[in-house]
Every structure is written in C-alpha cells, then in structure tokens.
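Values below: all heavy atoms of this structure, side chains included; hydrogens, waters and symmetry mates excluded.
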There are 2 protein chains.
Amino acid sequence: MLDRFEKFLNERGLRLTTQRQLVVRTFLDQEEHLSAEELYLLVKKKAPEIGYTTVYRTLKLLAEADLAHARNFQDGFARFEPAHYMGHHDHLICRKCGSITEFTNEHIEVMQEKVAREHGFKITDHTLDIYGVCRECR
Amino acid sequence: MLDRFEKFLNERGLRLTTQRQLVVRTFLDQEEHLSAEELYLLVKKKAPEIGYTTVYRTLKLLAEADLAHARNFQDGFARFEPAHYMGHHDHLICRKCGSITEFTNEHIEVMQEKVAREHGFKITDHTLDIYGVCRECR
DNA sequence: TCAGAAAATGAAAATCATTTTCATTTGTTC
DNA sequence: GAACAAATGAAAATGATTTTCATTTTCTGA
C-alpha cells in the first residue's frame with residue numbers, strides 16, 4: 001500500500017518523505033479507526049519531532065489517493081480507515097466501548113438501490129452507521 | 001408542537017420566551033433541513049435583535065425535548081429537522097443541489113436487525129444517508 | 001558538485017461551527 | 001415592589017482542522 005501511495009505522490013510531483021512513510025506505516029499498522037489525534041500520538045512515540053500538521057496533511061493525501069477514508073461518527077471529529085479489503089462496508093458502533101465493527105450486506109445494498117430508483121435518484125455512495133451495544137458490552 | 005415545547009420547558013422551570021417562540025415558529029415553518037446559521041438568518045429577518053446564541057440554545061432545547069433532531073451530513077455543520085411525522089427515517093442527499101429527501105424502508109430496517117443479531121449487537125439507533133444525484137438534477 | 005527551484009516541515013496563527021462566560025435585562029414569586 | 005431565577009446578546013473560549021510562513025530538505029540541470 002505504501003508503494004501505491006508513493007505512486008500517487010510521484011504522479012503529481014510530490015515526495016514520499018520519511019515523515020510521510022512513518023505516518024502511513026503507523027496508520028496501516030493499527031487496524032482500528034483512528035482519529036487524527038490518536039494517530040499523531042502514536043507517530044509521536046516513534047518520532048517526537050513530527051508535527052500535528054504533518055499527520056493531518058498526510059491523512060488528507062491518503063484520502064485523496066483513495067487509500068484511506070474519513071468517517072464521521074457522532075463524536076465530533078473524523079476517524080480514518082485504510083481502504084483495505086472490503087471495498088465498501090457499513091459500521092456497527094458500540095455506544096459503550098466505542099468499538100467499531102465493519103460489515104457488508106448485499107441485501108441492504110440492493111434495497112437501497114430499489115429505494116433510490118423509486119425516487120429517480122442515482123446513488124454515488126452511502127453511509128450506514130448502526131449504533132448500539134456490542135456483544136462484549138451487553 | 002409549540003405547546004409541547006412549552007410543556008417541556010415548564011416541566012423544568014424554563015420559560016417559553018418571545019425569542020424562543022419566534023425561533024421555534026420559524027423552524028417549523030421551514031420544511032427543509034436547516035442549519036443553525038440558516039435558521040438564524042431567517043429569524044433575524046423578523047427580529048434583527050435576536051442573537052446567534054439564542055438560536056443555538058433554542059435548537060439545543062428542542063433537541064433535548066426530542067422535538068428536533070440534529071443531523072450531520074457531509075458538509076461540516078449540523079442540520080436540524082423537526083421530529084414531525086415519520087418517527088424514524090433515512091435520507092437521500094443530492095450532491096448537486098443539496099436537496100434532502102426522507103424515506104423509510106421497512107425491509108432495510110429488518111435486514112439491519114438481522115445483521116446486528118448476527119454480530120450479537122443490540123441496536124439503539126442508526127443513520128442511513130444515501131448520496132447521489134436527485135431526479136431533478138440528473 | 002553546486003545553485004536554484006520545488007516541495008515539505010513544524011510552529012504558530014487562522015478558521016469555522018459551536019459553546020461558554022458574563023454583565024444586563026426580563027419575568028416570576030412572595 | 002423587592003428578591004431571585006432564568007434568558008438574552010455580545011464577546012470570548014473551545015476544539016477540530018486548515019492555512020501561513022519562515023526554514024529545511026530534496027531534486028534537477030548546468
């Protein structure tokens with residue numbers, strides 16, 4: 001994935017710097033949905049001189065490269081997820097522990113298409129966030 | 001609906017002031033999903049002395065009273081909708097004109113319950129936002 | 001190899017939506 | 001009408017994110 005990022009950067013005359021590498025590596029290592037701040041803190045552990053700004057900038061680039069997606073759940077800040085496997089997916093968010101679980105359901109997607117069609121609406125994308133209490137917290 | 005708001009306020013020793021009435025009336029008149037700023041501007045037309053703060057505070061109270069809901073689409077600020085008819089519903093958001101259409105689909109709800117059950121997850125609520133291009137804009 | 005240009009960095013300032021503070025006004029109660 | 005609670009509006013504060021800017025790093029071509 002780093003190579004894809006490098007390709008993206010090179011294509012527009014940008015550079016894969018040491019800092020960017022570190023941010024991306026740290027980001028990919030975590031399989032969780034990190035906020036910019038969380039990622040910044042993780043990165044800072046390895047390289048204390050790295051600035052908040054660089055983390056933000058790198059996340060933005062990753063999103064532009066379509067290698068990461070910004071998600072807004074209901075806590076007032078963005079969380080980022082790598083555009084790994086599962087092209088598209090939805091989320092189950094636990095209100096107690098904050099855990100975020102991904103899922104896909106073909107059936108729901110089909111029904112959405114149906115609803116959209118009935119409204120003469122052409123879907124480009126969607127967000128389905130289900131809030132509640134996860135197995136562990138019940 | 002104003003009477004329900006008044007009841008809510010009275011129950012906790014608060015008052016339905018002239019300003020609050022005006023904000024709520026203006027809010028209910030619009031059948032659209034207004035942002036705080038949009039509502040503020042509308043209110044200001046009728047009573048220029050009303051402050052931004054009062055609009056925010058009133059919206060917050062309405063939300064606490066469960067007479068309005070704050071929604072976060074992807075434009076960085078909240079939009080509010082009256083908790084009118086349709087207890088729960090989802091949204092079709094046009095990326096071109098910004099129009100927001102509400103819909104309900106029992107089938108999708110049922111499938112969500114199914115997915116949740118499979119994950120041992122207990123749903124409290126959810127958000128389904130479908131983005132794309134509406135009939136008028138295609 | 002070196003000069004010059006382009007891009008990147010980090011700190012600090014700026015932004016934007018929203019909330020809080022605070023002095024003042026208004027409404028309620030006794 | 002005095003005393004007190006609640007509401008208001010302006011301005012300041014907040015918190016996430018972005019921009020600015022001076023400095024540093026990297027690349028490119030002579």
Asks: In whole angstrom, give the distance that lies between atom CG of A/Leu39 and atom C1' of D/dA16.
Replies: 15 Å

Asks: Please write out which residues are connected to B/Ile108 in a hydrophobic cluster, directly or through intermediates, given that two of Ile, Leu, Val, Met, Phe, Trp, Tyr count as joined at side-chain heavy-atom separations below 4.5 angstrom.
Replies: A/Leu92, A/Phe103, A/Ile108, A/Met111, A/Val115, A/Phe121, A/Ile123, A/Leu128, A/Ile130, B/Leu92, B/Phe103, B/Met111, B/Val115, B/Phe121, B/Ile123, B/Leu128, B/Ile130

Asks: Heavy-atom nearest nucleotide on DNA chain D for B/Leu9 versus A/Tyr52: which residue maps closer to 5'?
Replies: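 It is B/Leu9, whose closest nucleotide lies nearer the 5' terminus.
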
Asks: Check whether any side-chain N or O of B/Thr54 sits under 4.0 Å from OP1 or OP2 of D/dG9, and answer yes or no.
Replies: yes

Asks: Please output the side-chain donor-acceptor pairs of residues 15-22 of chain A that fall under 3.5 Å, not counting sequence neighbours, one pair per line with the distance.
Replies:
from, atom 1, to, atom 2, distance (Å)
A/Thr17, OG1, A/Arg20, N, 3.2
A/Arg20, NH1, A/Arg15, O, 2.9
A/Gln21, OE1, A/Arg25, NH1, 3.3

Asks: So, using salt bridge (charged side-chain N to carboxylate O under 4.0 Å, His left out) as the criterion, who are the partners of A/Glu118 when residues are at least two apart?
Replies: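 For A/Glu118, the residues satisfying salt bridge (charged side-chain N to carboxylate O under 4.0 Å, His left out) (neighbours in sequence not counted) are A/Lys114.
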
Asks: Toward the 5' end of DNA chain D, which comes first, B/Arg20 or B/Tyr40, by nearest nucleotide?
Replies: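 Looking at the nearest nucleotide for each, B/Arg20 comes out on the 5' side.
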
Asks: Compare every heavy atom of B/Cys94 with every heavy atom of B/Val133, then report the nearest pair and how far apart it is.
Replies: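 For B/Val133 versus B/Cys94, the nearest heavy atoms are CA-SG, 4.0 Å.
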
Asks: Any idea which heavy atoms bring A/Gln30 and A/Leu42 closest together, and the distance?
Replies: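 In terms of heavy atoms, the two residues are closest at CG-CD1, 3.5 Å.
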
Asks: Residues of residues 67-77 of chain A with any non-hydrogen atom less than 4.0 angstrom from an atom of DNA chain D: list those, numerically ordered, please.
Replies: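 When residues 67-77 of chain A is checked for heavy atoms under 4.0 Å from DNA chain D, the hits, listed by number, are A/Gly76, A/Phe77.
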
Asks: Can you list, by chain and residue number, the hydrophobic cluster partners of A/Phe77 when the side-chain cut-off is 4.5 Å?
Replies: none

Asks: To the nearest angstrom, how far is B/Gln21 atom CD from D/dA6 atom P?
Replies: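 It is 19 Å, rounded to the nearest whole Å.
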
Asks: Kindly determine whether A/Arg79 and A/Glu38 satisfy salt bridge (Lys or Arg N to Asp or Glu O under 4.0 Å), including the steps that lead there.
Replies: CA-CA 9 Å; A/Arg79 294 177 177 284; A/Glu38 287 164 346; 3.6 Å; yes

Asks: Nearest-Å distance, CG (B/Asn10) to P (C/dT29)?
Replies: 10 Å

Asks: Give one of base, sugar-phosphate or nothing for B/Glu49, where a contact means two heavy atoms less than 4.0 Å apart.
Replies: sugar-phosphate

Asks: When you compare the side chains of A/Gln112 and A/His107, does any donor N or O come within less than 3.5 Å of an acceptor on the partner?
Replies: no

Asks: Tell me: CD1 of B/Ile50 to P of C/dT26, nearest whole Å?
Replies: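 It works out to 14 Å between those atoms.
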
Asks: Indicate for each nucleotide in nucleotides 21-30 of chain D, in 5' to 3' sequence, whether protein heavy atoms under 4.0 Å reach the base (B), only the sugar-phosphate (S), or nothing (-).
Replies: -----BS---

Asks: Quick one: A/Tyr56 OH to C/dA14 P, roughly how many Å, whole number?
Replies: 19 Å

Asks: Atom CG of A/Leu34 to atom P of D/dA16: distance rounded to whole Å?
Replies: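 Checked: the CG to P distance equals 15 Å.
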
Asks: Would you mind telling me which residue lines up with the more 5' stretch of DNA chain C, A/Gly51 or B/Ser35, judged by nearest nucleotide?
Replies: A/Gly51

Asks: Within the 3.5 Å criterion, strictly below it, is a donor on B/His88 or B/Glu102 matched to an acceptor on the partner's side chain?
Replies: no

Asks: May I have the distance from B/Gln19 (atom CD) to D/dT8 (atom P), rounded to whole angstrom?
Replies: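 One finds 5 Å between P of D/dT8 and CD of B/Gln19, rounded.
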
